[in-house]
Each structure stands twice: as structure tokens, then as C-alpha cells.
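This report refers to the structure that appears directly beneath it.
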Amino acid sequence: SSNGWTIDEIGLQWLQRTSDPYAKTCTKGKYRMVVLDGRGSRLIPQFDHCCTQNNIIPVRMPAHLLHLLQPLDVGCFAVLK
């Protein structure tokens, strides 16, 4: 966006154009999971609808918590990627 923050439309476009097509190429089961922070740009009904239609389970963490969990990317979350 012009101010550098993700807005509703950009969050939805990211899911539709980037995350979903890429994740489909490496999915082994029916469902996929996307972990999100609690910011509002990904909490719109269209985002949820897109997730439902594409068997994506959105896991919403409280805002400003993901940076505390980032070290887990290397350890326990690496096998989920």
C-alpha cells in the first residue's frame, strides 16, 4: 500500500495470488494452515471465505505475539513448512 501497511485488499490478494498457489504445490493432505497475527487486514469475511473454499485453516495469534514465537520457526515449526 502507499503507506507500507497491509490493508484488507492486499491481505486477500496475498492469500489468493501468493500463499495459496504456492502451498498447493507442497501440500500432502487435504488441509493447509496459515498462521496470522491478529491485525485486522486479514480478518475480513472475504479472507475467511477464501480460506474455507481452499481448505485453509487460519490460525490467528494475538497481535504482537508472533515476534516472540519467531525462534520456533527453526525448531518445531520447520517440519510444518
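Quick caveat, the model's predicted, so the values are computed rather than measured.
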Q.
Is there a side chain to side chain contact (heavy atoms under 4.5 Å, CB included) between Trp14 and Val34? Walk through the geometry before answering.
A. CA-CA 12 Å; Trp14 167 80; Val34 61; 3.7 Å; yes

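- From Ile10, atom CD1 reaches atom CG of Leu12 across 11.0 Å, with rounding to the nearest 0.5 Å.
- Annotation for Cys50 and Gln16: closest pair SG-CG, 3.7 Å, computed over non-hydrogen atoms.
- Taken to the nearest 0.5 Å, the CD atom of Gln13 stands 9.0 Å off from the OG1 atom of Thr18.
- The side chain to side chain contact (heavy atoms under 4.5 Å, CB included) check on Asn55 picks up Lys30, Tyr31, with sequence neighbours excluded.
- Sorted by first then second residue, the salt bridge (Lys or Arg N to Asp or Glu O under 4.0 Å) pairs that include residues 11-23, not counting sequence neighbours, are Asp20-Lys24, Asp20-Arg32.
- Residues Leu15 and Ile56 are in side-chain contact: their nearest non-hydrogen atoms beyond the backbone lie under 4.5 Å apart.
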